[in-house]
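Right, one structure below, let's go through it.
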Amino acid sequence: MRICLVILLLGGSCLAPAQSSDRSAAASKSAHKTYTSPNRSFQFTYPALLIRCEKHLQQPGYLANWTPEECAAYSPTCDMSLDVGKKDTLVCVAYPRNEHTDTPAFEAGTFSVAVVDAATTASACLPPAPEQNGKTMGPRTIHGIQFTEYEASDAGMSHGVDARIYRALHGGTCYELAIAVASQNPKVFDPPEREQSSKDIVAVNAALEQTRDSFRFLK
């Protein structure tokens, strides 16, 4: 109180710390963006450094093309799924390649939300993980909704992708959230490129997991 009284007598203000706190909160909020689905069924926030991907449909039976280049890899990260080709990816955001990962060893890191149109029952929406390159991890609660978590992976031609997939039947619709990170063997380059550092890996996963944890249904 004495310090505040002295400041007031000198023509200052005791509100400066609060104003500073308000500015910090505003800056923190502006460092994120919010995505709300067109039908207002779900919403999530993501760090502003992540890139919103654009979907370009191809002929029936083919996976969509995603741009810009951060949204694509040898393996289809935005469309990584337990049932590739049997779902509709609604939105995908990607980690910028050169933010902390200036090496082609890192190909792409994405968070996506999809619906599996044919899966209208719990048994169809929550199948056992594929015997090859898959594993059922168990339940995971995100904003009060219980999802089933899976791990999936794929590899070929010195490329690989690891994914964590989350499924839940909500309002009669099977939703699938996915975090997929694709990489390439840096030793295939001439000269060899550097390996991804632990800092690279932590930064990518932290941004994508933060986005996953913000997901919520609006109705």
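Side chains included, hydrogens not; waters and symmetry mates left out as well; all remaining heavy atoms used.
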- Task: Nearest 0.5 Å please: distance from the CD atom of Q146 over to the OG1 atom of T141.
- Result: 5.5 Å
- Item | Joint cluster assignment, V202 & L49, ILVMFWY side-chain distance < 4.5 Å | no
- Query: Which atom pair, heavy atoms only, marks the closest approach of A73 to E107?
  - Reply: CB-CB, 3.9 Å
- Task: Could you walk me through whether K33 and R52 pass the side-chain contact (heavy atoms from CB on, under 4.5 Å) test, one step at a time?
- Result: CA-CA 10 Å; K33 296 181 179 180; R52 175 82 178 276; over 6 Å; no
- P47 and T211: which non-hydrogen atoms are nearest, and at how many Å? CD-OG1, 3.4 Å
- Task: Heavy atoms only: give me the nearest W66-C92 pair and the separation to one decimal.
- Result: CZ3-CB, 3.8 Å
- With side-chain hydrogen bond (donor to acceptor under 3.5 Å, both in side chains) as the test, would you mind laying out the steps for S81 and E176 before giving the verdict? CA-CA 8 Å; S81 173; E176 183 177 280; 2.8 Å; yes
- Query: Does D88 come within less than 4.0 Å of K55, counting only side-chain N to carboxylate O?
  - Reply: yes
- Message: Working to the nearest 0.5 angstrom, can you tell me the gap between D117 CG and T173 OG1?
- Response: 8.5 Å
- Keeping the roles fixed (side chain from S37, backbone from F42), state whether a donor-acceptor pair exists under 3.5 Å. yes
- Message: Are L177 and V181 connected into the same hydrophobic cluster when the rule is that any two of I, L, V, M, F, W, Y join if their side-chain heavy atoms are below 4.5 Å apart?
- Response: yes
- Query: Below 6.0 angstrom between ring centroids: does that apply to Y46 and Y35?
  - Reply: no
- Query: Under a 4.5 Å side-chain heavy-atom rule over Ile, Leu, Val, Met, Phe, Trp and Tyr, are L90 and I165 clustered together?
  - Reply: no
- Task: Would you confirm whether K87, through its side chain, and M80, through its main-chain N or O, come within 3.5 Å as a donor-acceptor pair?
- Result: yes
- Is the ring centre of F147 less than 6.0 Å from the ring centre of Y175? no
- For the atom pair CZ (F111) and OG1 (T77), what is the distance rounded to the nearest 0.5 Å? 13.0 Å
- Task: Check R167 against C174 and note the closest heavy-atom contact, atom names and distance.
- Result: CD-SG, 4.1 Å
- Item | Joint cluster assignment, V91 & I142, ILVMFWY side-chain distance < 4.5 Å | yes
- Where is the tightest heavy-atom contact between A119 and L169, given as atom of each residue plus distance? O-CD1, 4.0 Å
- In this structure, OG1 of T136 is separated from CG of L126 (nearest 0.5 Å) by 9.5 Å
- Measure the spacing between CZ of F44 and OG of S214 and express it to the nearest 0.5 Å. 7.0 Å
- Message: Tell me the closest heavy-atom pair linking I145 and A168, and the distance in Å.
- Response: CG2-CB, 4.3 Å
- Got a donor-acceptor contact below 3.5 angstrom from the T89 side chain to the C78 backbone? yes
- Y166 and R212: CA distance, side-chain angles, deciding distance, side-chain hydrogen bond (donor to acceptor under 3.5 Å, both in side chains) verdict: CA-CA 10 Å; Y166 309 86; R212 174 202 62 198; 2.8 Å; yes
- Message: Could you tell me if T67 and H56 have a donor-acceptor pair between their side chains, going purely by distance under 3.5 Å?
- Response: yes
- Item | Identified side-chain hydrogen bond (donor to acceptor under 3.5 Å, both in side chains) partner of R164 from the options E149, E209, E151 | E209
- Could you go through the disulfide (SG to SG under 2.5 Å) check for C53 and C71 one step at a time? CA-CA 6 Å; C53 301; C71 304; 2.1 Å; yes
- Message: Pairing donors with acceptors under 3.5 angstrom, does anything connect the side chains of Q43 and T36?
- Response: yes
- In terms of hydrophobic clusters joined by side-chain contacts under 4.5 Å, are I179 and Y95 together? yes
- Query: Is the closest side-chain donor-acceptor distance between S75 and D154 under 3.5 Å?
  - Reply: no
- Do the side-chain N and O atoms of T110 and S112 include a donor-acceptor pair separated by under 3.5 angstrom? no
- Message: Run the side-chain contact (heavy atoms from CB on, under 4.5 Å) test on F215 and V113 for me, step by step, so that the C-alpha distance in whole Å, both residues' side-chain angles and the decisive distance to 0.1 Å come before the verdict.
- Response: CA-CA 9 Å; F215 179 90; V113 181; 4.0 Å; yes
- Note on the structure: d(R140 CZ, D213 CG) to nearest 0.5 Å is 5.5 Å
